[in-house]
Amino acid sequence: MQAIEINSITDSKGHLKIDYPLHKKKSKVRVLILVNDDTDLDDEKLWMASISANPAFSFLKDSSEDIYSPNDGKYFYE
């Protein structure tokens, strides 16, 4: 198996443009993209903000849902 690393940038719409000849026509390919961790953090903050404001999870604010404490249970070691 061969790994190919290509440095590229995205355009103003966030689309990735790759100019790299594969010399394979009408073949299935698999593309792996690794994104820096700092971009994931922004997405995580956005997700947390939207889910915390979602009324579908408002039942979790009810004190009757607090049935466990940090002292319950035992640590699991594998």
Side-chain angles (χ1 to χ4, degrees):
M1 182 175 283
Q2 181 182 8
I4 300 171
E5 179 179 343
I6 301 168
N7 293 323
S8 183
I9 60 172
T10 57
D11 64 11
S12 61
K13 294 182 181 179
H15 297 152
L16 180 66
K17 305 286 184 180
I18 298 175
D19 184 19
Y20 188 86
L22 290 178
H23 307 295
K24 292 187 174 230
K25 296 180 181 180
K26 296 191 177 193
S27 297
K28 291 183 178 181
V29 298
R30 183 169 65 172
V31 178
L32 302 175
I33 300 174
L34 303 175
V35 181
N36 291 336
D37 289 338
D38 57 345
T39 57
D40 292 339
L41 183 60
D42 294 338
D43 292 340
E44 183 177 344
K45 285 181 182 177
L46 176 63
W47 183 82
M48 289 298 288
S50 65
I51 198 168
S52 64
N54 190 328
F57 297 102
S58 61
F59 70 95
L60 293 173
K61 297 175 183 173
D62 186 3
S63 61
S64 65
E65 293 293 326
D66 297 334
I67 58 174
Y68 298 108
S69 74
N71 298 326
D72 293 335
K74 296 179 182 178
Y75 289 104
F76 176 74
Y77 297 103
E78 201 170 327

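For S64, the side-chain hydrogen bond (donor to acceptor under 3.5 Å, both in side chains) test picks out D62, with sequence neighbours left out. For L60, the side chain to side chain contact (heavy atoms under 4.5 Å, CB included) partners at least two apart in sequence or on another chain are F57.
Of all the heavy atoms in P55 and S58, the pair that sits closest is O-OG, 2.9 Å. The two residues A49 and S52 make their nearest non-hydrogen contact at O-OG, 3.0 Å. Across every non-hydrogen atom of I67 and D72, the tightest pair is O-OD2, 3.9 Å.
Placement of F59 and M48 within a single hydrophobic cluster is found when ILVMFWY residues are connected by side-chain heavy-atom separations under 4.5 Å, directly or transitively.
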